[in-house]
K.L.:
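Take this structure first; my questions come after.
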Amino acid sequence: SIHIPVITIDGPTASGKGTVAHRVAKHLGFHYLDSGALYRLTALSAKRKGVDLEDEEQLALLASFLPCRFSRGHVLLDDEDVTDLVRAEEVGVAASKIAVLPALREALVNLQVSFRQLPGLVADGRDMGTVIFPDATQKIYLTASVEARAQRRYKQLIEKGFSANMEDLVKDLTERDARDSARATAPLKPAPGAYILDTSDMSVELAVQTVLDLYAKSAAQVN
Ligand code: CDP
Ligand code: CDP
């Protein structure tokens, strides 16, 4: 079989995974998987259908038939453009609550793996390097201090027209970090062999360049 390169970028909320992954993918002409969007879409869909966030069986069913599409940076659910809506902080919180359920995670595996297509993939999330693409060409664990991340998320939310306050965000982020790291199934942690990149005092540009350099080195070793 042909080897399809994958770069995984895992890390806590607002560490810059999405921004960095998207730019790296664009630079290399690779596909991009925002795995968090799948958990967010499932949470949004559950809310709309009145499915309880603890009903593992129904949530797994929802996730296996998620009527979503990704096109040119837009996310569609049932043909409705929900690109901005899924980024709302309460959808992120709901996503992290349902993400502890093993059956739901299992229901999203095939969809995630199907993004691995030539010429390559950049995938961001929590378990891309540990569970979904354990044979990735280059694994990155992107992180930053809670303060830096809360500031980044604050700016993003305000720019999108959501209301936000720093105190609530720091609390949200800390709780979400704890929930993502402590869960039994696919907890947030650096994958074996992952390069740990702390971007607390780093520009997006430098983070992107660092990932590209690391990938170029590992791709040279594979070929
Ligand atoms: O952008 P942000 O990091 O805040 O969140 P996200 O990547 O969109 O993910 C939302 C939630 O989904 C996270 O808090 C995780 O609990 C969950 N998630 C996960 O469990 N596994 C993934 N591969 C991606 C997201
Ligand atoms: O996907 P994740 O939740 O990890 O983060 P994101 O949605 O990419 O948000 C990160 C935000 O912080 C974006 O607005 C970036 O412009 C900004 N930022 C960054 O990603 N990386 C840095 N080194 C500095 C700022």
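First listed ligand is number 1; within each ligand, the first listed atom is number 1.
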K.L.:
Any idea which protein heavy atom is nearest atom 9 (O) of ligand 1, and the distance to it?
P.N.:
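Going by distance alone, atom 9 (O) of ligand 1 is nearest to G36 CA, 3.6 Å.
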K.L.:
Please report whether ligand 2 has a polar contact with D124, defined as an N or O pair separated by less than 3.5 Å (distance criterion only).
P.N.:
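Between D124 and ligand 2, no N or O pair is found under 3.5 Å apart.
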K.L.:
What about V122 and V131, same hydrophobic cluster or not, with Ile/Leu/Val/Met/Phe/Trp/Tyr joined at side-chain heavy-atom distances under 4.5 Å?
P.N.:
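No, separate clusters.
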K.L.:
In this structure, does ligand 1 have an atom that sits under 4.0 Å from one of the heavy atoms of A14?
P.N.:
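Contact check A14 vs ligand 1: positive.
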K.L.:
Check whether any side-chain heavy atom of V51 lies under 4.5 Å from a side-chain heavy atom of L62, and answer yes or no.
P.N.:
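Counting from C-beta outward, V51 and L62 do come under 4.5 Å.
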K.L.:
Looking at D127, which atoms of ligand 1 are within less than 4.0 Å of one of its heavy atoms?
P.N.:
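Reading through ligand 1 atom by atom, the close ones are 21 (N), 22 (C), 23 (N).
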K.L.:
Starting from atom 25 (C) of ligand 2, locate the nearest protein heavy atom and write down its residue, its atom name and how far away it is, to 0.1 Å.
P.N.:
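I find the closest protein heavy atom is R152 NE, 3.5 Å.
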K.L.:
Under 3.5 Å between any N/O of V20 and any N/O of ligand 2: does that happen in this structure?
P.N.:
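No - when backbone and side-chain N and O of V20 are compared with those of ligand 2, no distance drops under 3.5 Å.
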K.L.:
Is it the case that the side chain of K139 and the backbone of G193 share a donor-acceptor pair, with hydrogens and angles ignored and the cut-off at 3.5 Å?
P.N.:
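Such a contact is absent between K139 side chain and G193 backbone.
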K.L.:
Looking at E54 and K97, is any side-chain nitrogen of the basic one under 4.0 Å from a carboxylate oxygen of the acidic one?
P.N.:
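E54 and K97: not salt-bridged.
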K.L.:
Less than 3.5 Å between some nitrogen or oxygen of K17 and one of ligand 2, yes or no?
P.N.:
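N/O-N/O distance below 3.5 Å exists for this pair.
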K.L.:
Could you list which atoms of ligand 2 come closer than 4.0 Å to a heavy atom of V204?
P.N.:
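With V204 as reference, the close atoms of ligand 2 come out as 16 (O), 18 (N), 19 (C), 20 (O), 21 (N), 22 (C), 23 (N), 24 (C), 25 (C).
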K.L.:
Indicate yes or no: does D177 engage R149 in a salt bridge with an N to O separation below 4.0 Å.
P.N.:
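Yes, charged N to carboxylate O under 4.0 Å.
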K.L.:
Suppose I only count heavy atoms of G18 and a 4.0 Å limit; which atoms of ligand 2 are within that range?
P.N.:
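That gives atoms 1 (O), 2 (P), 8 (O) of ligand 2.
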K.L.:
State whether a side-chain donor-acceptor pair under 3.5 Å links S96 with R179.
P.N.:
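Short answer, yes.
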K.L.:
Among all the protein's non-hydrogen atoms, which is closest to atom 17 (C) of ligand 1, and how far away is it?
P.N.:
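Nearest neighbour among protein heavy atoms for atom 17 (C) of ligand 1, to 0.1 Å: A99 CB, 3.7 Å.
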K.L.:
Using a 4.0 Å cut-off to any heavy atom of R183, which atoms of ligand 1 qualify?
P.N.:
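It comes down to these atoms of ligand 1: 16 (O), 19 (C), 20 (O), 21 (N).
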K.L.:
Can we say K171 and E175 salt-bridge, meaning some charged N sits less than 4.0 Å from an Asp/Glu carboxylate O?
P.N.:
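Judged by the 4.0 Å cut-off on N to carboxylate O distance, K171 and E175 do form a salt bridge.
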K.L.:
Under 3.5 Å, is there a donor on one side chain and an acceptor on the other for Y154 and N165?
P.N.:
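No donor-acceptor contact under 3.5 Å links the two side chains.
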K.L.:
Any side-chain heavy-atom pair from T42 and L104 closer than 4.5 angstrom?
P.N.:
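The answer is yes, as the side chains (C-beta and beyond) meet within the 4.5 Å cut-off.
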K.L.:
Does the pair R116/D135 count as a salt bridge with the N-to-O cut at 4.0 Å?
P.N.:
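Judged by the 4.0 Å cut-off on N to carboxylate O distance, R116 and D135 do form a salt bridge.
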K.L.:
With backbone taken as N, CA, C and O and side chain as the heavy atoms from C-beta onward, which portion of R179 lies under 4.0 Å from ligand 1: side chain, backbone, both, or neither?
P.N.:
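Neither; nothing of R179 gets under 4.0 Å from ligand 1.
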K.L.:
Taking the six-membered ring for Trp, is the centroid-to-centroid distance between H31 and F115 below 6.0 Å?
P.N.:
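No, too far apart.
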K.L.:
What protein heavy atom is closest to atom 21 (N) of ligand 1, reported as residue, atom name and distance in Å?
P.N.:
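The closest heavy atom on the protein side is R105 NH2, 3.1 Å.
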K.L.:
Salt bridge check: are R153 and D172 linked by an N-O gap of less than 4.0 Å?
P.N.:
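No, this pair does not count.
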K.L.:
Taking 4.0 angstrom as the limit and counting only heavy atoms of G16, give me the atoms of ligand 2 inside it, by number and element.
P.N.:
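The list of qualifying atoms is 2 (P), 4 (O), 5 (O), 6 (P), 8 (O), 10 (C), 20 (O).
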K.L.:
For atom 10 (C) of ligand 1, which protein heavy atom lies nearest, and how many Å away is it?
P.N.:
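Closest protein heavy atom to atom 10 (C) of ligand 1: R176 NH1, 3.8 Å.
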K.L.:
Considering only protein heavy atoms, which is closest to atom 12 (O) of ligand 1, and at what distance to one decimal place?
P.N.:
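The protein heavy atom lying closest is Y39 CB, 3.6 Å.
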K.L.:
What I want to find out is whether R40 reaches D34 closely enough, with some N-O distance under 4.0 Å, to be called a salt bridge.
P.N.:
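No, no charged N to carboxylate O under 4.0 Å.
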K.L.:
To the nearest 0.1 Å, how far is atom 8 (O) of ligand 2 from its closest protein heavy atom, and which atom is that?
P.N.:
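Heavy-atom neighbour on the protein nearest atom 8 (O) of ligand 2: T19 OG1, 2.5 Å.
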K.L.:
What protein heavy atom lies closest to atom 4 (O) of ligand 1? Include the residue and the distance to one decimal.
P.N.:
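Of every protein heavy atom, T13 OG1, 2.3 Å lies nearest to atom 4 (O) of ligand 1.
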K.L.:
For ligand 2, is any non-hydrogen atom under 4.0 Å from Q156's backbone (N, CA, C, O), its side chain (CB onward), both, or neither?
P.N.:
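Answer for Q156: side chain.
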K.L.:
Quick one: do the Y39 and R126 side chains pair a donor with an acceptor below 3.5 Å?
P.N.:
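Y39 vs R126: no donor-acceptor pair found between side chains.
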K.L.:
With a 4.0 Å cut-off on N to O distance, would you call E89 and R176 a salt bridge?
P.N.:
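Salt bridge between E89 and R176, a charged N being under 4.0 Å from a carboxylate O: yes.
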K.L.:
Return yes or no for this condition: an N or O of A207 is under 3.5 Å from an N or O of ligand 2.
P.N.:
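In this structure, A207 places no N or O atom under 3.5 Å from an N or O of ligand 2.
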K.L.:
Who's the nearest protein heavy-atom neighbour of atom 1 (O) of ligand 1, and how far?
P.N.:
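The protein heavy atom lying closest is R87 NH2, 2.9 Å.
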K.L.:
So is R153 in contact with ligand 1, going by heavy-atom distances below 4.0 Å?
P.N.:
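Yes, that is the case, since the closest heavy atom of the residue is under 4.0 Å from the ligand.
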K.L.:
Determine whether the side chain, the backbone, both or neither of S203 has a heavy atom under 4.0 Å from any heavy atom of ligand 2.
P.N.:
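It is the backbone that gets close, since no side chain atom is under 4.0 Å.
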K.L.:
For atom 16 (O) of ligand 1, what is the nearest protein heavy atom, given as residue, atom name and distance?
P.N.:
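Here the closest protein heavy atom is D180 OD1, 2.6 Å.
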K.L.:
Nearest non-hydrogen atom to atom 13 (C) of ligand 1 belongs to which of M128, R126, R40?
P.N.:
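Nearest heavy atom to atom 13 (C) of ligand 1 lies in R126.
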K.L.:
With a cut-off of 4.0 Å, which atoms of ligand 2 are near a heavy atom of M202?
P.N.:
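Here the atoms of ligand 2 in question are 22 (C), 23 (N), 24 (C).
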K.L.:
Closest heavy-atom contact between A136 and T8?
P.N.:
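Of all heavy-atom pairs spanning A136 and T8, the closest is CB-CG2, 3.7 Å.
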K.L.:
Which of the listed options, A95, P187, S35, A43, holds the heavy atom that is closest to atom 24 (C) of ligand 1?
P.N.:
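The nearest heavy atom belongs to S35.
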